[in-house]
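Written out below as structure tokens is the structure these notes cover.
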2 protein chains.
Amino acid sequence: MISHKPEQVFGRDAGQPHSNRTSDNRETYDERLNHILKVATVLIAQVGYEKASMRAVAKAAGVSLAGLYHYFDSKEKMLFLIQFRAFTALLNNLREKLHGIDDALEQLRVMVKSHVGYFAANMAALKTCSHELDSLTGTAYDETRRIRREYYDLASAIVARVLDEHAPNNAFDRHVTTMSLFGSLNWLYRWYDPKRVCSPTALANQMVQQFLRGVIDAAPAKSQPEFTTPA
Amino acid sequence: MISHKPEQVFGRDAGQPHSNRTSDNRETYDERLNHILKVATVLIAQVGYEKASMRAVAKAAGVSLAGLYHYFDSKEKMLFLIQFRAFTALLNNLREKLHGIDDALEQLRVMVKSHVGYFAANMAALKTCSHELDSLTGTAYDETRRIRREYYDLASAIVARVLDEHAPNNAFDRHVTTMSLFGSLNWLYRWYDPKRVCSPTALANQMVQQFLRGVIDAAPAKSQPEFTTPA
DNA sequence: CACAAAGCCGAACGTACGTTCGATTGGCAA
DNA sequence: TTGCCAATCGAACGTACGTTCGGCTTTGTG
């Protein structure tokens with residue numbers, strides 16, 4: 001689904017096991033690749049892409065330095081795999097959860113919850129994605145940028161519908177509105193610790209409420225009526 | 001003003017010109033240091049700290065590689081100088097503008113405006129500060145962390161007063177509230193271009209309005225009473 | 001069994017980096 | 001003038017990095 005590029009190698013359709021596909025071998029290959037990527041993700045999230053040396057990745061993953069290069073043919077491809085998989089999963093996750101939801105506000109809530117939830121479950125991956133956006137170059141960069149753009153467009157459309165239906169009169173620059181929301185979400189990786197602060201669900205709820213109604217008490221006090229999803 | 005550390009050398013009190021201080025020499029020294037730091041800031045903002053080699057900095061600044069080391073004794077100290085100066089300026093700027101402002105909402109507006117304004121005027125510096133928070137180690141890290149903490153505490157107190165006075169009944173986690181605002185502000189470096197999007201003032205106004213009242217129209221349509229300036 | 005291929009590794013290669021060294025220059029002070 | 005020291009430089013040093021090479025071991029297949 002990704003390929004059509006002269007080079008090669010990402011996703012599951014790598015180059016190594018072509019003719020033979022005894023399920024046992026295949027599993028081992030994928031498992032090891034996943035394991036290496038997972039370890040590399042954590043390391044990159046901790047020390048940054050440039051400082052995460054292939055030697056350190058190899059040691060953490062329990063393989064030799066040269067052994068890494070059986071799973072990707074460069075460090076940059078490794079980062080690409082990490083980012084591509086994370087962005088794809090994030091996007092698919094959102095699309096899946098959005099399925100069947102028609103109400104605009106509900107869509108927004110689902111989106112934020114999906115983002116926060118995926119984030120809390122995959123902190124290292126999303127930290128790597130948020131912080132190393134520009135560490136890729138050339139085709140790999142374009143490819144991740146394409147998915148990010150898809151995700152942005154989807155989110156943007158949801159925000160736009162919310163504004164159309166519930167704030168037709170405000171004069172906000174919609175790009176600013178959307179990027180503010182994205183900023184709040186993407187900055188999570190700098191401070192959020194699901195073990196110490198509130199739960200992902202509570203966090204998502206608060207962020208949605210703040211985004212929709214702000215922090216100031218409306219007229220009475222609590223009880224956001226539009227939050228019980230009307231028709 | 002900063003020192004009390006055994007090591008040395010940051011701020012203006014470097015080590016080189018001690019006895020002699022013919023104002024001409026001194027000016028040249030400071031000017032050159034400022035120039036080098038400015039050039040380095042832009043370079044780091046463009047390609048990242050790890051990828052910005054000292055050779056590249058030297059070339060961009062018009063000095064030799066070895067010549068750099070007369071102004072700071074390591075690359076990390078250079079980054080520290082950049083961050084320390086930027087954070088200090090940001091903090092002083094905010095304190096200065098806050099002086100004489102008593103109203104809580106007005107303080108919040110001043111804070112956001114100050115942040116966005118300083119950001120728009122020093123994009124490379126704040127990008128470097130936002131993105132390379134963890135590139136420093138040891139004492140240098142602690143020092144920048146200390147100022148960031150001061151800035152956070154000040155902003156946090158402003159947010160807290162706003163909530164106390166205008167939202168005494170909501171049950172928001174205040175740390176989440178503050179970090180959401182910070183996220184929106186700090187994410188600016190990823191997308192904001194003052195030449196292409198709205199002005200810093202308009203941007204700040206919209207962010208404050210969104211933070212206070214959310215994106216949804218209140219009861220009628222426009223006219224936020226506690227809020228004057230449109231664009 | 002034989003043998004090809006996959007999987008894996010130790011060792012090395014070339015390079016780019018941060019930093020240091022030794023020397024030269026230029027301007028002020030005695 | 002002489003001497004000193006900040007300022008600057010070209011050249012080198014040591015190191016850590018990404019990557020490659022050649023060969024070993026294992027495994028599934030004819």
Side-chain angles (χ1 to χ4, degrees), chain A residues 7-9 12-36 40 43-44 47-81 135-137 140, chain B residues 7-9 12-36 40 43-44 47-81 135-137 140:
Chain A
E7 326 168 47
Q8 55 68 247
V9 77
R12 6 182 283 87
D13 49 331
Q16 285 82 340
H18 38 185
S19 66
N20 126 352
R21 188 171 291 220
T22 60
S23 65
D24 210 24
N25 234 352
R26 189 68 204 184
E27 263 182 342
T28 306
Y29 177 82
D30 282 355
E31 277 168 15
R32 299 235 187 187
L33 175 57
N34 287 336
H35 174 243
I36 292 173
L43 218 163
I44 292 175
V47 305
Y49 172 68
E50 297 290 341
K51 285 193 135 158
S53 72
M54 293 301 263
R55 282 167 177 81
V57 171
K59 184 165 287 185
V63 298
S64 74
L65 175 60
L68 286 181
Y69 287 83
H70 276 265
Y71 295 93
F72 23 77
D73 48 56
S74 76
K75 189 187 183 184
E76 194 176 359
K77 286 270 167 56
M78 182 183 78
L79 178 62
F80 171 79
L81 270 181
S135 297
L136 294 176
T137 65
Chain B
E7 327 169 45
Q8 54 64 253
V9 79
R12 9 179 280 88
D13 50 331
Q16 287 84 339
H18 40 184
S19 66
N20 130 348
R21 187 169 295 212
T22 60
S23 66
D24 210 25
N25 235 351
R26 187 72 204 182
E27 264 182 342
T28 307
Y29 177 82
D30 282 355
E31 277 168 14
R32 298 235 189 189
L33 175 56
N34 288 335
H35 174 243
I36 292 173
L43 218 163
I44 292 175
V47 306
Y49 173 67
E50 297 291 341
K51 284 194 137 158
S53 72
M54 292 301 264
R55 281 165 178 83
V57 171
K59 184 165 287 184
V63 298
S64 72
L65 175 61
L68 286 182
Y69 286 83
H70 275 265
Y71 296 93
F72 21 79
D73 48 55
S74 75
K75 189 185 182 186
E76 194 176 0
K77 285 270 167 56
M78 181 183 79
L79 178 63
F80 171 79
L81 271 181
S135 298
L136 294 176
T137 64

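On a predicted model such as this, the values are computed, not experimentally measured, just so you know. Just so we're on the same page: letters track the sequence lines, and every chain starts at 1. Just the heavy atoms: all of them, side chains too, but no hydrogens, waters or symmetry mates, feed the values below.
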Would you sort out whether A:L81 and A:Y71 count as a side chain to side chain contact (heavy atoms under 4.5 Å, CB included), showing the intermediate values? CA-CA 10 Å; A:L81 270 181; A:Y71 295 93; over 6 Å; no
When rounded to the nearest 0.5 angstrom, what is the spacing between [atom1] in [X] and [atom2] in [Y]?
{"X": "B:L68", "Y": "B:M78", "atom1": "CG", "atom2": "CE", "result": "7.5 Å"}
{"X": "A:H70", "Y": "A:S64", "atom1": "NE2", "atom2": "OG", "result": "8.0 Å"}
{"X": "B:E31", "Y": "B:L33", "atom1": "CD", "atom2": "CG", "result": "11.0 Å"}

Roughly how many Å is it from [atom1] in [X] to [atom2] in [N], rounded to a whole number?
{"X": "A:L33", "N": "C:dG7", "atom1": "CG", "atom2": "P", "value": "11 Å"}
{"X": "A:Y29", "N": "C:dA5", "atom1": "OH", "atom2": "P", "value": "18 Å"}
{"X": "A:M78", "N": "D:dT19", "atom1": "CE", "atom2": "C1'", "value": "13 Å"}
{"X": "A:Y71", "N": "C:dG7", "atom1": "OH", "atom2": "P", "value": "6 Å"}
{"X": "B:L68", "N": "D:dA7", "atom1": "CG", "atom2": "P", "value": "14 Å"}

Would A:K75 count as a cation-pi partner of A:Y49, with NZ or CZ less than 6.0 Å from the six-membered ring centre and within 45° of the ring normal?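 Yes, A:K75 and A:Y49 form such a contact.
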Could I get the full list of side-chain contact (heavy atoms from CB on, under 4.5 Å) partners for B:A60, not counting sequence neighbours?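 Counting only residues at least two positions away or on another chain, B:A60 forms a side-chain contact (heavy atoms from CB on, under 4.5 Å) with B:V39, B:L43.
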Heavy-atom protein contacts under 4.0 Å, nucleotides 11-18 of chain D, coded B base, S sugar-phosphate only, - none: -B----BB
